[in-house]
Participant: 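Here it is, the structure, as structure tokens.
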There are 2 protein chains.
Amino acid sequence: MTTTPTLPEMCAALGDQTRWDILTRLGQETMSASALARVLPVSRQAIVKHLDVLSEAGLVTAERRGREIVYAALGSRLNALAHELDRIGNAWDTRLRALKSLAEATDDGRR
Amino acid sequence: MTTTPTLPEMCAALGDQTRWDILTRLGQETMSASALARVLPVSRQAIVKHLDVLSEAGLVTAERRGREIVYAALGSRLNALAHELDRIGNAWDTRLRALKSLAEATDDGRR
DNA sequence: TTGAAGTGCAACACTGTGGTTGCAGTTCAA
DNA sequence: TTGAACTGCAACCACAGTGTTGCACTTCAA
């Protein structure tokens, strides 16, 4: 992950059930891909690909520990995303409220 | 949209650049699919499909107005999603902090 | 030092999704 | 009442994503 992930990229990473399954596990304890493959109903290779996506999105960290690679979920990144989405949601509502009151004012003028 | 959209569903809806382009426009002013197709570099049919996805995810509302259907972005839904993600992010960090301090305590014991 | 347990890489299949075009149907307004 | 501007539906294409399997390579521990 050289470049910072974009908003759509992060959302896309979170837009898959299997990846949520993985994240849910990693939010409870750090695990390797093989360990995840043991508890989830998909192959290790599928897990690895998902972990790549999550890592690219900055949602997990990978740490080599001897022969295994241990992954952990990054709550702070999710919090940052949440903050962004909240900001945008507020902006939408503000703009649309302004439009609505403008429309009502126009209505009044026509009456 | 009969059932409430799941978290992965909402995230998947937000995981596409074109849909963000649409949402950005709809966050500024309400527009019809045809109007969106005029300002975005994709066909009306593509827009319609995206609007279906966004509507299914509860991120936009549709209101028939005579011969057209006018869409609006729902900031409140985005805020709700943001709140959910924030909650989950906090839970991850809490659990992993607990694990880490436990590991350090074990380390101390071994020294 | 050998076997078990990891990771890494490649090839492949299947499906979903994002996109297109074309045409039919509806609705408004001149 | 006719044409312009919408929506609605269907067929189709191309590609990316999700998943699989198989095999080679590394690393730890008995």
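All chains are named by letter (A, B, ...) in the order of the sequence lines, taking the proteins before the strands, and each is independently numbered beginning at 1.
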Participant: Which atom pair, heavy atoms only, marks the closest approach of A/A57 to A/M10?
Facilitator: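 What the structure gives for the nearest pair is O-CE, 3.6 Å.
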
Participant: Using atom CG of B/L51 as one end and atom P of D/dC6 as the other, report the distance to the nearest whole Å.
Facilitator: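 In whole Å, D/dC6 P and B/L51 CG are 15 Å from each other.
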
Participant: Distance check needed: C/dG16 C1' versus B/E9 CD, whole Å only.
Facilitator: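 Atom-to-atom, B/E9 to C/dG16, this comes out as 14 Å.
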
Participant: Return the set of residues passing side chain to side chain contact (heavy atoms under 4.5 Å, CB included) with A/A80 (not counting sequence neighbours), or none when no residue passes.
Facilitator: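 Per chain and number, A/A80 pairs via side chain to side chain contact (heavy atoms under 4.5 Å, CB included) with no residue.
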
Participant: Tell me: CG of A/D52 to P of D/dT18, nearest whole Å?
Facilitator: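 Atom-to-atom, A/D52 to D/dT18, this comes out as 12 Å.
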
Participant: Figure out the CD1/C1' separation between B/I22 and C/dG18, and round it to whole Å.
Facilitator: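 Checked: the CD1 to C1' distance equals 11 Å.
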
Participant: How close do B/L54 and B/A13 get, heavy atom to heavy atom, and via which atoms?
Facilitator: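 Smallest heavy-atom distance, with atoms named: CD2-O, 4.1 Å.
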
Participant: What residue pairs, at least two apart or across chains, pass salt bridge (charged side-chain N to carboxylate O under 4.0 Å, His left out) with a residue in residues 62-73 of chain A?
Facilitator: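 Qualifying pairs, neighbours excluded: A/E63-A/R65.
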
Participant: If you take all heavy atoms of B/L81 and B/C11, which pair is closest and at what distance?
Facilitator: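 Scanning both residues completely, I find the closest heavy atoms to be CD1-SG, 4.4 Å.
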
Participant: Per the end-axis method with five pairs at each terminus, what is the bend angle of the helix from C/dT1-D/dA30 to C/dA30-D/dT1, to 10°?
Facilitator: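 End axes: 20° apart.
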
Participant: Does any part of the side chain of B/L7, heavy atoms only, come nearer than 4.5 Å to the side chain of B/I88, both counted from C-beta?
Facilitator: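 They are in contact (side-chain heavy atoms under 4.5 Å apart), so the answer is yes.
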
Participant: With a 4.5 Å cut-off on side-chain heavy atoms, are A/V60 and A/L74 touching?
Facilitator: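 Side chain of A/L74 against side chain of A/V60, heavy atoms only: no contact under 4.5 Å found.
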
Participant: Round to the nearest Å and state the distance from B/E68 atom CD to D/dA5 atom P.
Facilitator: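 My rounded result for the distance is 12 Å.
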
Participant: Strictly by side chain to side chain donor-acceptor pair (under 3.5 Å), give each pair with a member in residues 9-22 of chain A just once, sequence neighbours left out.
Facilitator: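 Pairs touching residues 9-22 of chain A that pass the test: A/Q17-A/D21, A/R19-A/H50.
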
Participant: Treating primed atoms plus P, OP1 and OP2 as sugar-phosphate and everything else as base, which nucleotides of nucleotides 19-30 of chain C get B, S or - for protein heavy atoms under 4.0 Å?
Facilitator: BBBB----BB--

Participant: If a pair satisfies salt bridge (charged side-chain N to carboxylate O under 4.0 Å, His left out) and one of its residues is in residues 81-93 of chain B, list it, with sequence neighbours excluded.
Facilitator: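 As it turns out, the salt bridge (charged side-chain N to carboxylate O under 4.0 Å, His left out) pairs with a partner in residues 81-93 of chain B, which skip direct neighbours, are B/E84-B/R87.
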
Participant: Assess whether side-chain contact (heavy atoms from CB on, under 4.5 Å) is satisfied between A/L14 and B/L14, documenting all intermediate values.
Facilitator: CA-CA 9 Å; A/L14 294 172; B/L14 293 172; over 6 Å; no

Participant: Using a 3.5 Å cut-off and no angle test, enumerate the donor-acceptor pairs between side-chain atoms of residues 26-47 of chain B and protein atoms at least two apart in sequence or in another chain.
Facilitator:
residue : atom : partner : partner atom : Å
B/S32   : OG   : B/A35   : N            : 3.1
B/S43   : OG   : B/A46   : N            : 3.2

Participant: At a heavy-atom distance below 4.0 Å, what parts of residues 27-38 of chain B sit against DNA chain C?
Facilitator: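 Of all residues in residues 27-38 of chain B, none places a heavy atom under 4.0 Å from DNA chain C.
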
